[in-house]
Amino acid sequence: MPLKFGFIGAGNISKRHIKNAQALKLDLLGVADVNPQVAEDAVKTFGVARAYADYHQMLADRSIEAVVIGTPNKFHAEQAIAALNAGKHVFLEKPMAMNVGESDAILAAHKRSGKVLQMGMMNRFRASVQLLKRFVADGKCGDIYVGQTYWYRRRGIPGFGGWFTTQSMSGGGALIDIGVHMLDLALYLMDFPKPVAVSGFTYNNWKKLDDYHYIGMWGKPVPDGKKDVDDYAVAIVRFDNGASLQVNVSWAINVEFMQPENGVRLMGTRGGVELKGFDLPHFYGEEVGHLVDVKPHFAPNDPAMEEMLHFVNCITENRQPMPTAEQGRTVQSILDAIYRSSAQKREVPVE
């Protein structure tokens with residue numbers, strides 16, 4: 001029998017998950033959103049059985065086995081904890097929470113529940129990333145001692161003035177929004193070394209919509225809304241094995257438009273790997289006494305679909321997901337440390 005799913009949140013991210021769950025022929029029993037019309041639209045579009053204005057009412061349905069959470073960051077902790085306490089498996093979109101304290105509360109609920117908790121880190125499931133993971137796992141890089149990860153948007157502040165740019169709703173700006181993707185990818189490829197210290201800087205340069213000149217915008221701007229979060233962040237992370245990672249991300253910065261605008265580089269004693277954008281993997285090494293550059297060919301996939309299928313398989317096979325809750329907590333601890341380092345103007349330990 002197909003697993004029975006519910007969805008908390010019916011915005012853009014959640015619609016993608018609902019669509020994939022529908023394609024996998026899961027049993028879509030409910031969708032909850034504070035905007036009743038948005039929830040009703042999901043019911044009509046995807047054939048979800050019932051719309052809820054209060055997610056607690058949906059969690060009370062004992063027949064629902066798993067819940068997907070795709071809401072603003074502020075609500076991740078309370079909703080994940082409530083779902084786990086209700087005996088549901090949980091798929092939790094990134095970032096894990098607003099801060100590491102909330103992440104610890106989620107982990108405690110997860111431990112008590114015995115249920116599957118998978119972090120929403122879609123980019124790990126790309127065929128390009130899995131290919132590079134094999135290069136690293138096979139020892140082709142040797143010991144990885146330094147990494148670099150970046151995402152340079154020249155103009156890419158999402159919904160200026162909305163919840164993305166409001167500290168009390170998002171917990172941060174470019175760093176917690178797109179930096180979390182690049183940080184997780186780099187750590188995943190590096191096999192998650194233990195972070196011990198961070199030196200970071202964050203900047204909030206565009207505070208008013210009138211001062212922000214752009215061509216297009218993801219989401220709708222809110223003219224009277226707030227922007228009190230970072231639009232640029234840079235940091236160096238030190239790990240207990242002696243390796244380091246450079247992080248550089250922007251929502252808005254005055255540089256040449258870059259294509260691709262993001263990437264990850266890892267340098268090792270025997271070779272290096274690089275992901276240009278999300279789908280251009282490269283390997284740099286040595287063969288028969290010569291330096292070689294390898295550009296692998298591979299069959300592309302749908303990482304969002306793979307991510308949902310992985311969640312389903314982990315539930316049915318009772319196994320730990322690839323993006324674990326503990327790894328989500330590690331990423332969150334680094335994000336927190338970068339913000340703390342910037343505020344204190346010094347290197348800080350990672351909690």
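Just the heavy atoms: all of them, side chains too, but no hydrogens, waters or symmetry mates, feed the values below.
Between Gly161 and Thr166, the shortest heavy-atom distance links the atoms O-OG1, 4.2 Å. Annotation for Met119 and Gly328: closest pair CG-CA, 4.0 Å, computed over non-hydrogen atoms. Between Gly87 and Lys115, the shortest heavy-atom contact is O-CE, 3.2 Å. Closest of all the heavy-atom pairs between Met121 and Pro323 is CB-CB, 4.3 Å. Residues Gly173 and Tyr339 approach most closely at N-OH, 3.2 Å, considering heavy atoms. Here the closest non-hydrogen pair linking Ala299 and Ala127 is O-CB, 3.4 Å.
Between Leu29 and Ser63 there is a side-chain heavy-atom pair separated by less than 4.5 Å. For the pair Phe239/Lys194, no side-chain contact is recorded, criterion being any heavy-atom separation below 4.5 Å from C-beta on. Within the 4.5 Å cutoff, the side chain of Leu209 has heavy atoms near those of the Tyr214 side chain. In this structure, the side chains of Ser14 and Val68 stay at 4.5 Å or more apart for every pair of heavy atoms. Taking the side chain as every heavy atom from C-beta outward, Thr202 and Ile338 approach each other to under 4.5 Å. A 4.5 Å side-chain heavy-atom check between Ser128 and Leu275 finds at least one atom pair inside the cut-off. Side-chain contact between Leu92 and Ile106 is present, with at least one heavy-atom pair separated by less than 4.5 Å. Put simply, the side chain of Met305 reaches to within 4.5 Å of the side chain of Leu24, judged on heavy atoms.
Counted within 6.0 Å of CZ on Arg134, heavy atoms from surrounding residues, nucleotides or ligands total 12 or fewer; the atom is thus considered open. Within 6.0 Å of the CG atom in Asp138, the count of heavy atoms belonging to other residues, nucleotides or ligands exceeds 12. Heavy-atom neighbours of Phe298 CZ from other residues, nucleotides or ligands within 6.0 Å: above the threshold of 12. Heavy atoms from other residues, nucleotides or ligands lying under 6.0 Å from CG of Asp240 number more than 12. Other residues, nucleotides and ligands place no more than 12 heavy atoms under 6.0 Å from the NZ atom of Lys226.
Using modelled atom types, one finds no donor on one side chain facing an acceptor on the other under 3.5 Å when comparing Arg340 with Asn99. Side-chain N/O atoms of Gln79 and Thr71 include a donor and acceptor closer than 3.5 Å. Side chain to side chain, Glu93 and His17 meet the donor-acceptor criterion of an N or O pair below 3.5 Å. For the residue pair Glu256 / Tyr152, no side-chain donor-acceptor distance below 3.5 Å is found, with atom types taken as modelled. Checked by atom type, the side-chain pair Asn248/Tyr232 shows a donor-acceptor distance below 3.5 Å. Checking Gln327 against Arg124 by side-chain atom types alone, a donor-acceptor pair falls below 3.5 Å.
At a threshold of 4.0 Å, the pair Lys207-Asp228 does not count as salt-bridged, since none of the basic side-chain nitrogens sits closer than that to a carboxylate oxygen. Ionic pairing of Lys94 and Asp177 is present here: one or more N-O contacts between side-chain nitrogen and carboxylate oxygen are shorter than 4.0 angstrom.
Taking CD from Glu261 and CZ from Arg154, the interatomic distance works out to 12.5 Å, rounded to the nearest 0.5 Å. With rounding to the nearest 0.5 Å, the separation of NZ in Lys88 from CD in Glu65 is 8.5 Å. The CE atom of Met190 lies 12.5 Å from the CG atom of Leu185; values are rounded to the nearest 0.5 Å. Interatomic distance, Glu78 CD to His76 NE2, rounded to the nearest 0.5 Å: 10.5 Å. Taking CD1 from Ile315 and CG from Leu26, the interatomic distance works out to 8.5 Å, rounded to the nearest 0.5 Å. The distance from atom CD1 of Ile18 to atom CZ of Phe5, rounded to the nearest 0.5 Å, is 11.5 Å.
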TODO: Might you work through the ring pair (Phe, Tyr, Trp, His ring centres under 6.0 Å) test for Trp151 and Phe278, ending with a clear yes or no?
DONE: CA-CA 11 Å; Trp151 193 330; Phe278 286 124; 5.6 Å; yes

Task: side chain to side chain contact (heavy atoms under 4.5 Å, CB included) evaluation trace for Glu307 with Phe91 - done: CA-CA 10 Å; Glu307 178 183 50; Phe91 177 99; 3.4 Å; yes

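Taking the six-membered ring where tryptophan is involved, the planes of His282 and Tyr284 are essentially parallel, since the angle between them stays under 30° and well short of 60°. Taking the six-membered ring where tryptophan is involved, the planes of Phe160 and Tyr212 are tilted, since the angle between them lies from 30° to 60°.
Ring-centre distance between Trp218 and Phe164: below the 6.0 Å cut-off. Between His310 and Phe125, the ring centre distance stays below 6.0 Å.
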Throw together a table of side-chain donor-acceptor distances under 3.5 angstrom for residues 41-50, partners on residues two or more places apart or in other chains.
residue: Asp41; atom: OD1; partner: Gln37; partner atom: NE2; Å: 2.9
residue: Thr45; atom: OG1; partner: Asp41; partner atom: O; Å: 2.8

